[in-house]
Chemist: 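Take a look at this one; I'll ask things after.
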Amino acid sequence: MNKKSIALFASGNGSNAVNLIYFFQNHAQIEVKTLVCNKSDAPIVEKAKALGVEVLIFTNEEFESGLTVLQELDYRAIDWIVLAGFLRKIPVNIIRGYQNRIINIHPSLLPKYGGKGMYGKFVHQAVIEAKEAKSGISIHLVNEEFDKGELLAQFETEVSSNDTIDSLAEKIQLLEHKHFPIIVEQTLLNQ
Ligand code: GAR
């Protein structure tokens with residue numbers, strides 16, 4: 001039986017992408033086939049190559065039109081797209097081409113602190129400024145409304161009055177690394 005294949009999309013450091021690559025390295029039913037990035041100098045590019053994963057870099061124009069990206073994914077028979085710290089909006093033709101087959105991770109308890117401009121440390125800054133008692137991560141399917149697709153799972157962590165943006169970012173990253181691969185695995189195997 002063919003394995004279900006994933007294209008990981010990442011824009012920056014890529015700690016979640018690397019974690020997913022390791023998790024699925026010797027998996028019987030799922031494989032990470034390619035890593036898609038929008039920046040040739042993003043740290044994840046060299047990390048993915050070093051782990052033997054093919055890297056595809058697209059320009060901003062190619063991302064906006066979506067056509068070349070879709071063609072390349074189709075050529076590789078990619079079944080699922082997993083957004084692991086991908087900071088560009090996904091165009092509608094890719095969302096329609098991969099209906100209910102795009103998973104995103106977001107570093108807050110959606111619907112709180114989602115939407116335009118809410119990514120990475122901006123999310124943690126907003127959570128700290130609002131003096132929230134808890135934050136967390138959301139793993140969800142991607143639809144045409146930014147950060148509003150069906151939730152697959154959420155995990156919480158406490159925010160203390162001593163927390164800084166960096167300390168909260170660390171807590172969130174721990175949650176992401178612990179849970180994201182398992183939720184991706186469960187979602188793909190349940191289809
Ligand atoms: C992660 O915290 C992820 O949840 C967030 O970017 C970070 C990427 O870290 N994604 C978003 O904010 C999407 N709106 P990483 O590059 O170390 O995986």
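Residues: numbered from 1 along the sequence shown. Whatever order the structure lists ligands and atoms in, that order sets their numbers, starting from 1.
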Chemist: Does atom NZ (K89) have a neighbourhood of more than 12 heavy atoms from anything else shown, all under 6.0 Å?
Modeler: yes

Chemist: For residues 136-143, tabulate all N or O donor-acceptor pairs below 3.5 Å that involve a side-chain atom, not counting sequence neighbours.
Modeler:
residue : atom : partner : partner atom : Å
S138    : OG   : S108    : O            : 2.6
S138    : OG   : L110    : N            : 2.9
S138    : OG   : Q154    : NE2          : 2.9
H140    : NE2  : N104    : ND2          : 3.1
N143    : OD1  : E145    : N            : 2.9

Chemist: Does F146 have K116 sitting over its ring (NZ/CZ under 6.0 Å from centre, angle to axis within 45°)?
Modeler: no

Chemist: Name each donor-acceptor pair under 3.5 Å that joins a side chain in residues 76-88 to protein atoms two or more places apart or in another chain, with its distance.
Modeler:
residue : atom : partner : partner atom : Å
R76     : NE   : E54     : OE1          : 2.8
R76     : NE   : E54     : OE2          : 3.1
R76     : NH1  : E72     : O            : 3.0
R76     : NH1  : E72     : OE1          : 2.7
R76     : NH2  : E54     : OE2          : 2.8
D79     : OD2  : S5      : N            : 2.8
D79     : OD2  : S5      : OG           : 3.4
R88     : NH1  : N60     : OD1          : 3.1
R88     : NH2  : E64     : OE2          : 2.6

Chemist: For ligand 1, what are the residues with a heavy-atom contact below 4.0 Å?
Modeler: N13, G14, S15, N16, G85, I105, H106, P107, M118, Y119, G120, Q173, E176

Chemist: Quick one: side chains of residues 183-191, donor-acceptor pairs under 3.5 Å with protein atoms, not counting sequence neighbours, listed by atom name and distance.
Modeler:
residue : atom : partner : partner atom : Å
E185    : OE2  : H27     : NE2          : 2.7
T187    : OG1  : I183    : O            : 2.6
N190    : ND2  : Q186    : O            : 3.2

Chemist: Has the side chain of D147 got a donor or acceptor atom that lies under 3.5 Å from a matching backbone atom of G115?
Modeler: yes

